[in-house]
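FYI, the numbering just counts along the sequence from 1. All values below were derived from every heavy atom in this structure, side-chain atoms included, with hydrogens, water molecules and symmetry-related copies excluded.
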Amino acid sequence: MSNDMHSTLNNWVQELESETEIVSSEEINEEANSNMVSFGFNDTVLNDWGKDSVQEFIESCAELYERKSMGISMVFYSWFDEMAGQIRISAVSQTHGKLPFRCKVNPVKLSEIVNGIYSDDSGLYTRGELDVWCKNI
């Protein structure tokens, strides 16, 4: 863990470390829902955390999921749920060959997800496609 990450985000990663068990399933939605974690926030804490800290937090979550996936090839993904005001993460097996979204997905860099969080724009309502950052783990 970096000392640059905000203490709240650092604590969340430590809680994930102790509480997360990665589920693998033939059923993509079961797998995605079992592995999904949501993190709520408001504008005040966002400003306190800073973009670099949020980006580092999501990267740390991906690393944690990779460690806990027990050698199963998975796709870690993160997106901003604009309606709920949450950063969300999950992982599904690479064998599915897709993500479990019903809407059109726009693969983006992590920095674009973070910028979307700070501008309250997931892409879904402005462009009709959800910005999602993916990383093979």
Side-chain angles (χ1 to χ4, degrees):
M1 247 20 79
S2 165
N3 294 333
D4 297 337
M5 195 186 319
H6 189 277
S7 59
T8 299
L9 299 174
N10 232 327
N11 290 339
W12 284 356
V13 172
Q14 288 171 8
E15 287 173 21
L16 264 186
E17 184 76 53
S18 63
E19 297 172 7
T20 301
E21 286 188 37
I22 301 301
V23 172
S24 177
S25 170
E26 301 282 318
E27 214 306 292
I28 190 170
N29 290 318
E30 178 186 330
E31 194 175 54
N33 290 332
S34 298
N35 294 328
M36 187 178 77
V37 180
S38 302
F39 304 95
F41 57 86
N42 59 43
D43 290 343
T44 304
V45 296
L46 271 185
N47 291 331
D48 194 31
W49 294 344
K51 285 184 181 183
D52 290 346
S53 194
V54 171
Q55 183 160 329
E56 187 177 343
F57 167 69
I58 297 171
E59 288 169 343
S60 294
C61 292
E63 291 164 10
L64 185 148
Y65 270 56
E66 186 169 18
R67 282 195 309 276
K68 294 201 165 243
S69 64
M70 299 172 291
I72 299 166
S73 295
M74 302 191 89
V75 178
F76 173 90
Y77 56 102
S78 179
W79 72 102
F80 169 47
D81 184 320
E82 195 174 334
M83 293 293 276
Q86 296 174 334
I87 299 166
R88 293 192 174 182
I89 61 171
S90 190
V92 294
S93 299
Q94 289 181 20
T95 54
H96 296 301
K98 64 178 184 176
L99 296 178
F101 293 102
R102 290 190 193 106
C103 62
K104 186 170 169 49
V105 171
N106 180 36
V108 297
K109 295 177 182 168
L110 180 52
S111 60
E112 292 177 69
I113 294 293
V114 174
N115 287 337
I117 291 166
Y118 276 81
S119 63
D120 200 29
D121 180 10
S122 64
L124 188 58
Y125 304 102
T126 53
R127 295 185 319 280
E129 53 187 33
L130 182 64
D131 292 342
V132 180
W133 176 65
C134 301
K135 180 180 181 184
N136 287 342
I137 58 171

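The minimum heavy-atom distance linking A62 with I137 is given by the pair O-CG2, 4.0 Å. Between S38 and R88, the closest heavy-atom pair is OG-NE, 3.1 Å. Of all non-hydrogen atoms in D121 and R127, the two that sit nearest each other are OD2-NH1, 4.4 Å. Smallest separation of non-hydrogen atoms from E31 and S25: OE2-N, 3.0 Å. In terms of heavy-atom proximity, V92 sits nearest to L99 at CG2-CD2, 4.2 Å. The two residues V54 and Y118 make their nearest non-hydrogen contact at CG2-OH, 3.7 Å.
Scored by the ring-ring contact (aromatic ring centres under 6.0 Å, His included) test, Y65 finds F76 as partners (sequence neighbours excluded). Partners of E82 by side chain to side chain donor-acceptor pair (under 3.5 Å), not counting sequence neighbours, listed by chain and number: S122. When the side chain to side chain donor-acceptor pair (under 3.5 Å) test is applied to K109, no partner is found at least two apart in sequence or on another chain.
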* Take R67 and E17 through the test salt bridge (charged side-chain N to carboxylate O under 4.0 Å, His left out) and record every step on the way to the result. => CA-CA 10 Å; R67 282 195 309 276; E17 184 76 53; 2.4 Å; yes
* To do: Run the numbers on W49 and F57 for ring pair (Phe, Tyr, Trp, His ring centres under 6.0 Å), then give the verdict.
  => CA-CA 10 Å; W49 294 344; F57 167 69; 7.5 Å; no
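Around atom CG of D52, no more than 12 heavy atoms belonging to other residues, nucleotides or ligands sit under 6.0 Å away.
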